Amino acid sequence: MNPDPAIGNDPASTRLALYWAPELEDPLHAAASAWLGRDAETGATLPQAPLPGVEIGEITADARRYGFHATLKPPFRLGTTYAEARAAAMDLAARTRPFALPPLRVADLDGFLALREVTRCPELHAFADDCVRALEPHRAPATAAEIARRRPERLPEHERGYLAEWGYPHVFESWRFHLTLSRRLSAAEMAVVRPAAEAALGAVAGRPRYVRQLCLFTQAGPDSPFLIAERLPLLG
């Protein structure tokens, strides 16, 4: 029996990530959960509004499995214990001051739909950098297969270096804040899905909000969905 309810029965296959996700009281949480068809807080499956000519469930499948979030520390297999990683995350949250998040908007991110900030937020980027560094001692080294999946031969030299050192290429200045809403779309799909996403999320995404929590997401196994294990308040 697994003594830690935050992880799966096989701790070696468990992945942990540090994400930002809207607070439960933020209407963006409910709206985005409905868009993706799953609530990452409860794990509940939610009905999705149909769209003409496209299969919304298929288009959002990958984003639904990961849960509505913005990546701060990318998912990694634990090299220590959940309790040790949690303690490091709690320490980071305790010394981080809450900060204002710029309004969000639906954007085309390399063919994917995502919510992105309308203006760059230096505090947000510094927070992401801190998350990458603070949990690094608890990350198990990436396997050769995990490295190969990132197609290092296609990456710029500095991102190949990040992949080798940090297990993920898109960190530090290569990091882009985004909350994924779809897979990569064709032009025809984009013409249908983007207006629908703007109608479903645009108004609530554009509201002012603060980053006041750091979310620990866990994945119990390779085929399992990510769930919010804990929300740690920022106390700095």
Side-chain angles (χ1 to χ4, degrees), residues 15 17 19-22 26-41 43-72 74-75 101-121 124-125 128 146 148-156 159 163 168-171 173-207 209 215 217 219 222-228:
R15 289 204 296 171
Y19 290 161
W20 177 80
D26 187 334
L28 181 59
H29 170 79
S33 297
W35 173 263
L36 293 183
R38 186 173 71 88
D39 186 331
E41 181 79 28
T45 299
L46 303 173
Q48 293 174 280
L51 295 181
V54 298
E55 177 49 61
I56 187 63
E58 185 274 327
I59 281 172
T60 57
D62 284 344
R64 179 166 56 253
R65 185 166 67 90
Y66 279 87
F68 185 66
H69 76 279
T71 299
L72 299 171
L101 183 67
L104 305 175
R105 61 180 175 83
V106 176
D108 179 344
L109 181 64
D110 302 329
F112 296 83
L113 282 180
L115 292 184
R116 302 206 66 204
E117 72 274 43
V118 298
T119 58
R120 190 180 188 278
C121 178
L124 183 61
H125 284 253
E146 289 169 340
R149 278 199 295 271
R150 298 295 175 188
R151 303 282 184 89
E153 70 280 1
R154 299 186 178 184
L155 295 172
E159 291 186 357
L163 179 60
Y168 194 73
H170 307 302
V171 294
E173 80 279 1
S174 292
W175 177 77
R176 292 187 289 180
F177 175 83
H178 65 283
L179 299 105
T180 304
L181 301 175
S182 76
R183 61 159 167 75
R184 183 171 279 114
L185 302 173
S186 68
E189 289 170 334
M190 185 70 75
V192 173
V193 180
R194 182 168 185 170
E198 290 170 342
L201 302 171
V204 292
R207 295 184 182 186
R209 54 180 49 85
C215 293
F217 276 58
Q219 183 190 32
D223 298 321
S224 301
F226 278 83
L227 290 167
I228 298 176

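Values in this document were obtained by computation on a predicted structure and should not be read as measured data.
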Identify the heavy atoms of [X] and [Y] that sit nearest to each other, and give their distance.
{"X": "Ala148", "Y": "Pro152", "value": "O-CD, 3.9 Å"}
{"X": "Ala114", "Y": "Thr180", "value": "CB-CA, 4.1 Å"}
{"X": "Ala40", "Y": "Gly67", "value": "CB-CA, 4.0 Å"}
{"X": "Pro169", "Y": "Leu155", "value": "CB-CD1, 3.7 Å"}
{"X": "Ala31", "Y": "Val204", "value": "CB-CG2, 4.0 Å"}
{"X": "Gly206", "Y": "Pro103", "value": "O-CB, 3.5 Å"}

State which residues pass side-chain contact (heavy atoms from CB on, under 4.5 Å) with [X]; sequence neighbours excluded, sorted by chain then number.
{"X": "Glu117", "answer": "Pro102, Leu104, Leu124, His125, Phe177"}
{"X": "Val54", "answer": "Leu51, Ile59, Glu189, Val192, Val193"}
{"X": "Glu153", "answer": "Arg151"}
{"X": "Thr60", "answer": "Trp35, Leu36, Gln48, Ile56, Arg64"}

Got a sec, which residues hit ring pair (Phe, Tyr, Trp, His ring centres under 6.0 Å) with [X], two or more places apart in sequence or on another chain?
{"X": "His69", "result": "Tyr19"}
{"X": "Phe226", "result": "Tyr66"}
{"X": "Phe68", "result": "none"}
{"X": "Tyr168", "result": "His170"}

Practice task
Kindly state each residue pair satisfying salt bridge (Lys or Arg N to Asp or Glu O under 4.0 Å) with at least one member in residues 50-62, sequence neighbours excluded.
Solution key: Glu58-Arg183

Completion exercise
For residues 103-113, the salt bridge (Lys or Arg N to Asp or Glu O under 4.0 Å) pairs (sequence neighbours left out) are Asp110-Arg176

Exercise for the section: For residues Met190 and Leu113, determine if any side-chain heavy atom of one lies less than 4.5 Å from a side-chain heavy atom of the other. Expected result: yes

Practice task
Output all residues satisfying salt bridge (Lys or Arg N to Asp or Glu O under 4.0 Å) with Arg194, sequence neighbours left out; order by chain, then residue number.
Solution key: Glu198

Problem - Counterpart residues, salt bridge (Lys or Arg N to Asp or Glu O under 4.0 Å), relative to Glu173 (two or more places apart) - result: none

[atom1]/[X] to [atom2]/[Y] distance, rounded to the nearest 0.5 angstrom?
{"X": "Asp223", "Y": "Arg65", "atom1": "CG", "atom2": "CZ", "value": "7.5 Å"}
{"X": "Arg38", "Y": "Leu227", "atom1": "CZ", "atom2": "CG", "value": "5.5 Å"}
{"X": "Arg150", "Y": "Glu159", "atom1": "CZ", "atom2": "CD", "value": "11.5 Å"}

Practice task
Give a yes or no on this: more than 12 heavy atoms of other residues, nucleotides or ligands lie within 6.0 Å of atom CZ of Arg154.
Solution key: no

